[in-house]
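Below you'll find the structure, written out as structure tokens, and then a few comments.
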Amino acid sequence: TLDRSSAASDVYKRQIIDMEYILSKMEDYTIASQQLEEKIGEWKKEIDLKSKFIDNLKDSLEIERPLLTKDLVDDRESEIEFEVKQMNDYKEKRFGVNGDWVVQELLLIKPIQDQVLNVVQSIAKQKKFDKIFDQSADAIVLYSEKKYDISDLVLKSILRSEKLEKLNLEFSEESFNPELELSLIHI
């Protein structure tokens, strides 16, 4: 026979979060995402400029081809091939598997995601949850009631920690004020 109380308690051991929602509410993540998007935009502009330059070289060659010797055509084609290779190398350097985009994402965004995951793990241990699914990822959460979504709990925990850190920082900055210390000595 099935024990109803154990079946009901199993339901409460599985929760969901919406990582995209949590991250979108975090100022650090928003700033990091903007910085990454700016860098990506700069790299795309550089690639577009290089691509236009190569197109101009090709157009120029086609227009001048009847007037050029075979050696000059070969030189121009070699130059174009070199520029295309340079552009492809640049694309790979910026957007390849081990490119700057991946490195920047690891530097800027991964620490923030790790912070969220640490809080999720902490909540899971405190509340004794067996599993927590991320509904914003490619997980197989097809449906879940809002009451099982602990995203706000995770977000509140992160924001509370950030506020405490800021208060501690402000308190430590106020604890020693050289001007105040000097004025007290002269009294």
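Quantities reported herein were computed from a predicted structural model and do not represent experimental measurements.
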Find out whether [X] and [Y] are in side-chain contact, i.e. whether some heavy atom of one side chain is under 4.5 Å from a heavy atom of the other.
X   : Y    : result
L67 : L72  : no
I16 : I132 : no
Q35 : Q104 : no

Using only atom types and a distance under 3.5 Å, with no angle test, would you say the side chain of S33 pairs donor to acceptor with the backbone of Y29?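 A pair under 3.5 Å: yes.
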
Does D18 reach the main-chain N or O of S151 with its side chain, forming a donor-acceptor pair under 3.5 Å? no

I'd like to know whether I47 forms a side-chain contact (heavy atoms from CB on, under 4.5 Å) with F95, so could you lay out the CA-CA distance, the side-chain angles of the two residues, the decisive distance to 0.1 Å, and finally the verdict. CA-CA 11 Å; I47 291 168; F95 298 104; 3.6 Å; yes

Taking [X] first and then [Y], would you say they form a salt bridge - that is, a charged N and a carboxylate O separated by under 4.0 Å?
X    : Y    : answer
K85  : D89  : yes
E20  : K25  : no
K156 : D152 : no
K39  : E42  : no

Going through the checks in order, is the side-chain contact (heavy atoms from CB on, under 4.5 Å) test met by F53 and L57? CA-CA 6 Å; F53 174 71; L57 288 176; 3.5 Å; yes

What's the shortest heavy-atom distance between T30 and S24, and which atoms? OG1-O, 3.8 Å

For residues L36 and I109, report the shortest heavy-atom separation together with the two atoms involved.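 Heavy-atom minimum between the residues: CD2-CD1, 3.7 Å.
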
Step-by-step side-chain contact (heavy atoms from CB on, under 4.5 Å) determination, R65 to V73: CA-CA 7 Å; R65 186 180 294 270; V73 170; 3.2 Å; yes

Just wondering, more than 12 heavy atoms not from K50 lying within 6.0 Å of its NZ?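 Yes - once you tally the heavy atoms of other residues, nucleotides and ligands closer than 6.0 Å, there are more than 12.
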
Give the C-alpha distance, both sets of side-chain angles, the deciding distance and a yes or no for side-chain contact (heavy atoms from CB on, under 4.5 Å) between V116 and L23. CA-CA 8 Å; V116 173; L23 292 174; 3.9 Å; yes

